[in-house]
Amino acid sequence: MKPDWFMEGSRLHGFLLELTGVSGPLHDVATAREAPGAEDAECMLDFLSEQLVRIGYGVDFDRPNATGHKIEALIDVFNDLMPDDE
């Protein structure tokens, strides 16, 4: 079930769960009842950035593929959770 803090749809949250696997710290962040803090959000952003490079582009890296667009949407979710720089 999608947590309340995850402002995108259930399908995108399901995709996040596919990426993070069925257990481990990233799965815990994705399924937590409370929104992740800055440290956890940053860990997820690092992971999502790695996934974007690994599977989010075609061979020529000119633009993201369909998977890359979903990963970019997830990056937006976690970027929104980061505190504003003063």
Side-chain angles (χ1 to χ4, degrees):
M1 188 166 139
K2 179 179 80 70
D4 291 339
W5 60 264
F6 191 88
M7 294 299 165
E8 295 294 329
S10 295
R11 284 186 182 185
L12 189 60
H13 187 257
F15 177 67
L16 175 62
L17 296 179
E18 288 177 30
L19 287 176
T20 61
V22 296
S23 65
L26 293 174
H27 178 80
D28 293 346
V29 170
T31 57
R33 290 186 76 175
E34 300 293 322
E39 186 175 322
D40 287 337
E42 190 169 340
C43 287
M44 186 65 80
L45 286 167
D46 289 344
F47 169 75
L48 292 170
S49 296
E50 291 169 6
Q51 295 303 304
L52 181 60
V53 170
R54 191 172 73 79
I55 60 174
Y57 286 91
V59 287
D60 53 4
F61 279 86
D62 64 338
R63 63 178 183 246
N65 57 29
T67 299
H69 286 294
K70 289 191 270 186
I71 295 171
E72 286 178 336
L74 290 169
I75 288 171
D76 289 343
V77 168
F78 286 92
N79 267 332
D80 288 346
L81 296 172
M82 295 297 289
D84 293 330
D85 290 334
E86 300 279 325

### Task
Could you go through the side-chain contact (heavy atoms from CB on, under 4.5 Å) check for M44 and L26 one step at a time?
CA-CA 7 Å; M44 186 65 80; L26 293 174; 4.1 Å; yes
### Task
Any chance you could lay out the side-chain contact (heavy atoms from CB on, under 4.5 Å) test for L16 and V77, step after step, and finish with the verdict?
CA-CA 11 Å; L16 175 62; V77 168; over 6 Å; no
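Across T20 and A30, no two heavy atoms sit closer than the pair OG1-CB, 4.4 Å. Minimum heavy-atom separation, A35 to L81: CB-CD2, 4.2 Å. Listed here is the closest heavy atom pair of A38 and M82: O-SD, 3.6 Å. A41 approaches P36 most closely through the heavy-atom pair N-CB, 4.2 Å. Among all heavy-atom pairs drawn from K70 and L12, the shortest one is O-CD1, 3.6 Å.
L48 and F61 fall within a single hydrophobic cluster, where Ile, Leu, Val, Met, Phe, Trp and Tyr are joined by side-chain heavy atoms under 4.5 Å apart, directly or via other members. Under the 4.5 Å side-chain contact rule for hydrophobic residues, L17 and M7 do not share a cluster.
The side-chain hydrogen bond (donor to acceptor under 3.5 Å, both in side chains) test applied to R11 returns no partner, not counting sequence neighbours.
Residues T67 and L52 have side chains not in contact (no heavy-atom distance under 4.5 Å, counting atoms from C-beta outward). Between H13 and E8, the closest side-chain pair of non-hydrogen atoms is not below 4.5 Å. At least one side-chain heavy atom of H69 sits under 4.5 Å from a side-chain heavy atom of P64. Within the 4.5 Å cutoff, the side chain of L19 has heavy atoms near those of the L74 side chain.
Going from atom OG of S49 over to atom CD of E72 covers 10.0 Å, rounded to the nearest 0.5 Å. Rounding to the nearest 0.5 Å gives a distance of 10.0 Å between CD1 of I75 and CD of Q51.
I71 pairs with exactly one of F47, Y57, F15 by the side chain to side chain contact (heavy atoms under 4.5 Å, CB included) rule, that one being F15.
No more than 12 heavy atoms of other residues, nucleotides or ligands sit less than 6.0 Å from atom CG of D4.
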